Amino acid sequence: MASIRYADFHRRSLEDRDGFWREQAALIDWHQPFSQVCDYANPPFARWFVGGQTNLCHNAVDRHLADRPDQNALIWVSTEVDKETVYTYRQLHAEVQRMAASLLALGVRKGDRVLVYMPMIPEAAFAMLACARIGAIHSVVFGGFASVSLASRIDDAEPTVVVSADAGSRGGKVVPYKPLLDEAIRLARHKPSNVLMVDRGLSAYDRVEGRDADYAALREQYLDAVVPCTWVDATHPSYTLYTSGTTGKPKGVQRDTGGYAVALAASMKLIYDGRPGETYFSTSDIGWVVGHSYIIYGPLLAGMATIMYEGLPVRPDAGIWWKLVEQYKVTVMFSAPTAVRVLKKQDPAYLSKYDLSSLRALFLAGEPLDEPTAKWIAESLGKPIIDNYWQTETGWPILTICNGVEKAPSKFGSPGKAVYGYDVKLLDEQTGEELKGPNQKGVVAIEGPLPPGCMQTVWRDDKRFVNTYWSSIPSKLVYSTFDWGIRDEDGYFFILGRTDDVINVAGHRLGTREIEESIASHPNVAEVAVVGVADQLKGQVAMAFAVLKDPSKVTTPEATLKLEGEIMKVVDEQLGAVARPARVRFVNLLPKTRSGKLLRRAIQAVCEGRDPGDLTTIEDPSALQTIKELVAAPR
Ligand code: ATP
Ligand code: MG
């Protein structure tokens, strides 16, 4: 019975699309009501809430002043500099106006871009909200990026102003930002007219005369600033943000205002079941889409308090997150499997040390949630663990369990069902035909229009939007996620990996993830990456790179060969000899993006002696270098 309710809810969201979203639109304030819910006259470009005017900052901040002025809004906790600052909605309102006035003073106007290159400090949130307030378009660049990545984003966004800070801090070590920014501006074609500097006093820097402005000084000048919200069309861009760059050059995702506000407000209620007055804790970074949607906008739109955490999950100890849950009575938490895996290596006693009774559920997203990780965290926490599948492009979940509609059970390995508003289909990659039966493997695709909140286009590149996302399935205008999936009898999806992670060995199509899972079942394997490498005889062969739990087992060439043989045998037994990797090499570290995703395409390129391409998002280039050397070395 229960499952019928969600199925009905989902069906209605598609069959009565306009009626459904008109209802959700009532969750936010409109300065001017919209005249049309969805304009899809020019597919694949969807325009939501046409004719309506609103403001994201008004809805996230000002709107709550009437009911909850003295309630916590932004809770900033830094274990890097040992500080905790709590801003009520009234205080947040004042800070955002000070920032908005400063940006206006530097000449920022509606439609201008403001690049935010900041550590996880409150001023970053103020800057984002201040942009939304005055109709400027923010483009947050993850603070961990270095000059070249930053320069390419400056050139793409062409910001009037860059908001930055002297430094961030990681694991107690100061990480200067300003020299990287100066170098990026030097490298970039486009020169921003001003840099607004938040000086944390962590790292001395050179001030560029006439360009750099000091935020503390400007803020002082505008302490009592009153900056009204600029009402913008629902379709006015609120921000641009780059994808993680796991599969290639990052794409500049452009998001609207009205659709995004409605989609997030609805998701807070229907997916996260977060209620006004409660506290939401997302452990992401503002540099990623999860940080945009669920550190800043989503919780604030919902009238919740949001925790912004600067620091590592294991410092001062692995109990820090749970301590915050207890202290601020967090009801909804959001993290990533990669972070959970970090905690899994620590003493599980940290999870039982604190009172976690306020917490209703932990949501995870960003990469496949493997069963051992899911089981470990579910058992240690004793709370529902809910997987979310989505993309920077969509801005909010495509697949999950909609907790606020119906508390349906999760299935291990599955992020759940198609979320309301998303017409998710599995398509045959070759023919484009829809695969309707259970357990058939196809490309996860979304029938247009994409629901509110999803990307409008690629920033200044409509052609790339159409060519990249809407042209990969033969004879169909349909959005491709570039992920493989299957759906079981109950409508639960399983993500099988990315479409470019499939390898073809002598005519057999194999998912790299399948081979990885098989190798990972060997007791000494902690983590593994498998890629397909061109082979004259077989077309492609699988190559594996594994991180060992106990590397002391492979200190001699004989022992290394022996372990390699053992692992190959595991694959032979589980998947068959076709899937057996040509080599299994042992490394200390796998190349990953800064958001913790495996860079398979870079490993593949290096194995094939090609240029690995855009590496602007790589966490530690030495990981790739090691692989390069291994591959180059004679057997
Ligand atoms: P790029 O598009 O630049 O190559 P990216 O795809 O890693 O980078 P994101 O938008 O951060 O950039 O990630 C979205 C992708 O992450 C999805 O397409 C999917 O491959 C993977 N992903 C996200 N959540 C999940 C999940 N819950 N389960 C499995 N895979 C997931
Ligand atoms: Mg992607």
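Residue numbers start at 1 and run along the sequence shown. As the structure is a computational prediction, the values presented were derived from the model and not from experiment. In listed order, ligands and their atoms are each counted from 1.
Within the structure, ligand 1 has N388 among the residues with a heavy atom less than 4.0 angstrom away. Look at W390 and you'll find a heavy atom under 4.0 Å from some atom of ligand 1.
The protein heavy atom nearest to atom 21 (C) of ligand 1 is G366 O, 3.6 Å. For atom 7 (O) of ligand 1, the closest non-hydrogen atom on the protein side is T246 OG1, 2.4 Å. The nearest heavy-atom contact from the protein to atom 11 (O) of ligand 1 is S244 OG, 2.6 Å. Atom 16 (O) of ligand 1 has its closest protein heavy atom at K597 NZ, 3.0 Å. Remark: minimum distance from atom 4 (O) of ligand 1 to any protein heavy atom is reached at T247 OG1, 2.4 Å.
Between the E447 side chain and the D423 main chain, no donor and acceptor come within less than 3.5 Å of each other. Looking at S335, its side chain never comes within 3.5 Å of a backbone N or O of L364 through a donor-acceptor pair. Checking side-chain atoms of R153 against main-chain N and O of S149 turns up a donor-acceptor pair under 3.5 Å.
Set against the non-hydrogen atoms of T243, the atoms of ligand 1 under 4.0 Å away are 1 (P), 2 (O), 3 (O).
For Y239, the ring-ring contact (aromatic ring centres under 6.0 Å, His included) partners are H138, Y260, H292, not counting sequence neighbours.
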### Message
If you apply the rule side chain to side chain donor-acceptor pair (under 3.5 Å), what do you find for S284 with S282, and how did you get there?
### Response
CA-CA 6 Å; S284 183; S282 166; 4.9 Å; no
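Ring pair F465/F45: centre-to-centre distance below 6.0 Å. Checked against the 6.0 Å centroid threshold, Y272 and W396 do not count as a close aromatic pair.
If you check each of L496, T400, T392 against atom 10 (O) of ligand 1, the one with the closest non-hydrogen atom is T392. Scanning K251, E367, E393, R498 for the heavy atom closest to atom 6 (O) of ligand 1 points to R498. Which of D483, T593, T481 comes nearest to atom 17 (C) of ligand 1 through a heavy atom is settled by distance: it is D483.
Residue-level proximity to ligand 1 for L399 is absent, since no heavy atom of it falls below 4.0 angstrom. The side chain of D387, and not its backbone, has at least one atom closer than 4.0 Å to an atom of ligand 1 (non-hydrogen atoms only; side chain from C-beta on).
At least one N or O atom of G245, backbone or side chain, sits closer than 3.5 Å to an N or O atom of ligand 1.
For the pair K375 and F412, the cation-pi criterion (under 6.0 Å, within 45° of the ring axis) is fulfilled.
With K592 as the partner, the salt bridge (charged side-chain N to carboxylate O under 4.0 Å, His left out) test is satisfied by one option alone out of E367, E527, E619: E527.
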